[in-house]
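Just so you know, these numbers come straight off a predicted model, no measurement behind them.
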Amino acid sequence: MEEKRARAGEFVIQQGENGDVLYVVDEGQLDCTKRFKPNEDEKHLKVYQPGESFGELALLYNAPRAASIRAKTDCILWQLDRETFNAIVKDSAIKKR
């Protein structure tokens, strides 16, 4: 895992972009918003807190980012790349069998 710092107001993820990492919140708060239709305003979905993670959908489904995440306060995040994420998921599946 690699540390990433985000300043208040900075986008960590923008809806529609390609995603190759998952994030775990260590410190700070982040707002999650989503635009459901092209001409609509963004809807606020939740505030991410320390201990929570986001960005896994792009890794699981190889799809564009489903929502935007913006730092509400200065944040410290940990990012996990796709290759490592996939290895963890595969190892977990094997152990369950």
With rounding to the nearest 0.5 angstrom, report the CD1 to OH distance, Ile69 to Tyr23.
10.0 Å
Under the salt bridge (Lys or Arg N to Asp or Glu O under 4.0 Å) test, residues paired with Lys46 that sit two or more places apart:
Glu52
Besides Leu45, the hydrophobic cluster formed by Ile, Leu, Val, Met, Phe, Trp and Tyr side chains linked at under 4.5 Å, directly or via other members, contains Phe36
Does one hydrophobic cluster hold both Leu22 and Val89, with members joined at side-chain heavy-atom distances below 4.5 Å?
yes
Which pairs of donor and acceptor atoms, one on a side chain in residues 53-67, lie under 3.5 Å apart (sequence neighbours left out)?
residue : atom : partner : partner atom : Å
Arg65   : NH1  : Val21   : O            : 3.3
Arg65   : NH1  : Gly55   : O            : 3.0
Arg65   : NH2  : Val21   : O            : 2.8

Going by the rule side-chain hydrogen bond (donor to acceptor under 3.5 Å, both in side chains), which residues pair with Thr84 if we only count those two or more places apart in sequence or in a different chain?
Asp81
Identify, with sequence neighbours excluded, every residue that meets side-chain hydrogen bond (donor to acceptor under 3.5 Å, both in side chains) alongside Glu42.
Thr33
Would you be so kind as to tabulate the donor-acceptor pairs closer than 3.5 Å made by side chains of residues 3-17, with sequence neighbours excluded?
residue : atom : partner : partner atom : Å
Glu3    : OE2  : Arg5    : NE           : 2.9
Glu3    : OE2  : Arg5    : NH2          : 3.3
Glu10   : OE1  : Arg7    : N            : 3.0
Gln15   : OE1  : Arg35   : N            : 2.8
Gln15   : NE2  : Arg35   : O            : 3.0
Glu17   : OE2  : Gln14   : N            : 3.0

Quick one: salt bridge (Lys or Arg N to Asp or Glu O under 4.0 Å) partners of Arg82, sequence neighbours excluded?
none
Donor-acceptor pairs are to be reported for all side-chain atoms of residues 24-32 against protein atoms at under 3.5 Å, with residues two or more places apart or in another chain.
residue : atom : partner : partner atom : Å
Asp26   : OD2  : Trp78   : NE1          : 3.4
Gln29   : NE2  : Gln49   : OE1          : 3.0
Asp31   : OD1  : His44   : NE2          : 3.0

Value rounded to 0.5 Å, distance of CE in Met1 from CZ in Phe85:
11.0 Å
